[in-house]
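Note that the coordinates shown come from a computational prediction; the quantities given were computed from them, not determined experimentally. Per chain, numbering begins at 1; letters A, B, ... match sequence-line order.
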Amino acid sequence: MKQNHEFLSHLNPSQNLAVKHFCGPMLVVAGAGSGKTRALTYRIAHLILNHQVNPENILAVTFTNKAAREMKERIEHIFANLMAQEKYSKPLDLLPESDQKQLLSRVYKTITKPLWIGTFHRICVRILRYDIDKYQDEKKRVWKKNFSIIDESDAQSIVKNIVTKKLNLDDKKFEPRSVRYQISNAKNKGLYPQQLAAENNNNYKGRILAEVYEEYQAQLAANNCLDFDDLILIPVRLLQENESLLSYWHSQFHHILVDEYQDTNYTQYQLIRLLSTNGENQKELWNWQNRSLFVVGDADQSIYSFRMADFTILLNFQQDFGDNLPYEDTRTIIKLEENYRSRENILALANNLIKNNIQRIEKVLKPTKTWGEEIYWYQGENEEDEARFIVNKIQQLMRENPELDEGSFAVLYRINTQSRPIEDELIKTNTLYKIVGGLKFYDRKEIKDALAYLRVIVNPDDTVSLLRIINTPRRGIGKTTINSLLEAARELNMPLWEIIKDETSVNTIAGRAAKKVNKFAQIIQECQEKLETASAVDIFHQIMDSSNYIEDLQKQGTDEAENRLENINELLNTIVLFHENNEENSLEEYLISISLNSDLDNLNENEKAVSLMTLHSAKGLEFKIVFMVGLEQGILPHYRSLKDDFTIEEERRLCYVGITRAQERLFLSHAKERFLWGSRDITQPSQFAKEFPEDLITTNGNSFTKKTRSKDTQTQNTNVQVQQTSNGSKSRPVINETISKRNINQTNLSQDFAVGDRILHKSFGEGEITHIFKSNKKTHIAIKFSTGQKIVDPKLAPIEKISST
DNA sequence: TAACGTCAGGTTTTT
DNA sequence: CCTGACGTTA
């Protein structure tokens with residue numbers, strides 16, 4: 001295509017400066033609604049079109065899949081439009097549909113497909129799919145390319161199991177939830193278990209945390225699984241430890257763009273830094289020739305510090321990468337302050353709120369739209385009254401304004417449980433609505449079961465999933481059978497599947513259930529054989545059928561079973577959809593995709609439905625009319641954030657994010673009393689309400705106009721510390737395996753066999769005895785043949801000893 | 001061995 | 001309010 005600068009004429013001066021930035025570092029401080037996506041997409045187009053940058057050398061990292069998709073689409077349109085002009089001298093949307101499609105698909109092939117656009121997690125998975133086999137962790141653990149990704153609830157149950165079963169600890173003192181959280185935080189900071197202990201001064205609690213972390217990691221490795229944090233952390237370590245890989249990926253990405261830079265955590269920052277600088281620490285030695293690092297963010301919209309996002313990374317960009325000159329002289333910062341989204345009064349409210357934060361880059365949103373209709377503060381009697389007000393108002397506005405439909409409205413809240421009364425009211429009045437997030441489709445039993453089947457097919461080392469389905473539906477593989485299989489697996493230090501898939505071993509160990517175990521192994525293997533050739537849809541059909549999962553539910557005939565079947569069907573729909581939208585439609589890719597996709601990604605803005613979601617989910621979105629509900633002390637700000645200024649500031653940013661979602665109108669509300677967490681309580685209006693200038697707001701209540709004693713609620717320092725005291729637990733871990741192993745090895749058991757003996761098997765050939773199992777009833781031996789490991793019964797197996805050690 | 005009932009405990013935000 | 005853990009029963 002020809003060079004073209006004309007399309008840049010849609011930009012304001014600051015945007016233009018940002019887009020035309022070519023090499024070196026650049027921070028774009030982009031306020032809400034200031035057109036940062038436009039700056040990003042135009043810049044990418046400009047790099048490709050006018051600087052002849054190869055799309056595959058551009059890396060653009062976003063925070064959500066939705067943002068990534070949006071960027072791709074917008075880039076696609078920029079190019080398709082330019083091509084339409086060049087080829088037909090017409091804008092794209094005036095062309096016949098077939099021509100449009102053809103142009104778009106050409107752009108897809110040549111531009112957007114080779115571009116690296118995605119979330120940190122998505123990009124990292126891609127890197128890991130190439131290189132994870134070159135990684136070895138500090139304990140020499142390795143992962144394979146068919147790894148599976150576990151979700152948060154899986155992670156928590158693993159931790160819980162370690163705390164209560166393996167280490168025999170009191171789960172009151174070591175709440176699995178909190179332990180998991182701390183492990184996650186440690187990983188996000190790039191810490192190893194010992195470093196986590198050190199961070200806790202190596203006290204009892206710290207040592208236990210480290211121990212759980214260590215065991216957790218061992219189990220993930222044993223199952224060939226990764227959690228979300230690993231997806232970032234492992235690439236970082238890989239790049240730190242492997243110079244040639246680092247230089248490979250460094251030279252892959254010439255131009256790196258990061259969206260929502262304020263949301264990056266330490267490991268994500270390290271990843272970006274490594275890729276940009278090739279691991280060179282001295283700033284003077286960085287080579288920016290034909291390279292750039294372009295980050296866009298807004299410290300005022302940093303709302304993920306609970307997930308270790310650290311907006312000081314953004315605040316430090318100037319020292320880190322930039323020219324470190326004061327703002328008047330710097331050539332590495334551009335501010336986008338013009339707001340194209342909201343009415344002037346809405347922006348005034350937002351500005352007045354956020355200026356109360358100390359930690360920020362000074363920035364004022366400047367309106368391009370005029371003053372709008374009043375911002376209304378509704379004081380409800382209780383949460384039902386609040387809900388009624390909202391829904392009535394929605395109905396009324398739709399009646400009065402035919403250009404509005406349900407899709408014009410969003411109801412935003414701090415916590416998911418707040419959706420309930422509003423949902424009830426919407427149902428009562430037959431108003432179309434959708435809830436984003438909160439509902440946990442993938443947490444349902446039947447969905448977890450179905451996915452466990454798929455995971456085992458792809459990654460049979462995933463013992464957690466394997467155990468989940470081995471007897472679901474009931475196929476007569478009981479606890480005793482499973483335990484003896486597990487015991488053997490543990491003894492041989494191999495995944496359970498390795499035992500299960502081997503008929504001989506199963507026949508030896510499982511006794512009467514052997515036939516059933518073999519049958520089970522067979523249905524899994526039949527699917528595995530098709531992995532290369534069949535699509536995810538085909539394999540799903542086959543396994544749901546051959547496992548009798550569907551049939552079992554159908555037989556039950558209850559309403560609940562009926563419901564489960566529906567959900568399975570819905571899952572099938574997601575697979576079909578995936579199949580339609582992706583060229584790469586293997587089962588592996590499907591599993592990765594659902595692990596990394598969220599509810600938010602399915603949000604269709606054009607759908608005619610009121611959107612209900614949390615303030616967190618709303619970031620990056622905009623609506624004509626926004627209701628922010630439950631502005632009460634304890635909800636917004638959340639009671640767990642009342643403890644210090646830092647967290648209060650984050651709550652204030654959350655409130656700011658909510659306000660700045662609104663284009664035309666904003667409604668704020670609170671209820672005088674609310675049923676929450678099992679009891680009905682009197683509430684206080686949010687402290688943030690006192691920061692709203694009165695003249696910007698109209699209200700039905702008195703809570704607002706009365707300037708209540710503003711100090712006393714703020715200075716109360718609730719000393720509710722979540723930390724556990726770290727003393728008193730007497731339990732110490734007993735490592736049973738090593739003890740029993742030692743016993744076995746010392747006792748010279750059964751007949752003449754001993755570990756290390758070489759034997760000859762009638763059908764498997766020569767092998768070496770690696771283990772001897774002895775239970776009170778039976779003795780088994782494990783033999784390593786050239787074809788693999790097998791467990792046999794020495795009394796029955798056709799073996800003879802060749803030599804002993 | 002499974003299914004059922006009772007009880008207590010824990011409820012922020014999510015890639 | 002929901003979930004999960006645990007004990008009882010068939």
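In this pair, A:Trp116 and A:Tyr130 present their aromatic rings tilted. The plane angle is within the 30 to 60° band.
In this structure A:Glu649 satisfies the side chain to side chain donor-acceptor pair (under 3.5 Å) test with no other residue, sequence neighbours excluded. Scored by the side chain to side chain donor-acceptor pair (under 3.5 Å) test, A:Tyr216 finds A:Arg180, A:Asp227 as partners (sequence neighbours excluded). Residues meeting the side chain to side chain donor-acceptor pair (under 3.5 Å) test with A:Thr164, sequence neighbours left out: none. For A:Phe623, there are no ring-ring contact (aromatic ring centres under 6.0 Å, His included) partners at least two apart in sequence or on another chain. Applying the side chain to side chain donor-acceptor pair (under 3.5 Å) test to A:Gln418 and every residue at least two apart in sequence or in another chain returns nothing.
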Between the protein and nucleotides 5-8 of chain C, which nitrogen or oxygen pairs are less than 3.5 angstrom apart?
from  : atom 1 : to       : atom 2 : distance (Å)
C:dA5 : OP1    : A:Lys160 : NZ     : 2.3

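Annotation: C:dA5 and B:dT12 have their C1' atoms spaced 25 Å apart (nearest Å).
Here the nucleotide nearest the side chain of A:Arg177, chosen from C:dC1, B:dT15, B:dT11, is B:dT11. Among the nucleotides B:dT13, B:dT15, B:dT11, the one closest to any side-chain atom of A:Arg414 is B:dT13. Side chain of A:Asn471, nearest nucleotide from B:dA2, B:dT15, B:dT1: B:dA2. Of all nucleotides listed (B:dT11, B:dT15, B:dT12), B:dT12 comes nearest to the side chain of A:His638.
Distance CG (A:Asn185) to P (B:dT15): 17 Å, rounded to an integer number of Å. B:dT1 atom C1' lies 12 Å from atom CD1 of A:Ile482, rounded to whole Å.
Contact check, A:Arg307 against B:dT15: no side-chain N or O comes under 4.0 Å of OP1 or OP2. Between A:Arg640 and B:dG10 there is no side-chain N or O to OP1 or OP2 distance below 4.0 Å.
Each of A:Thr480 and A:Leu654 was matched to the nucleotide of DNA chain B holding its nearest heavy atom; the match closer to the 5' end belongs to A:Thr480.
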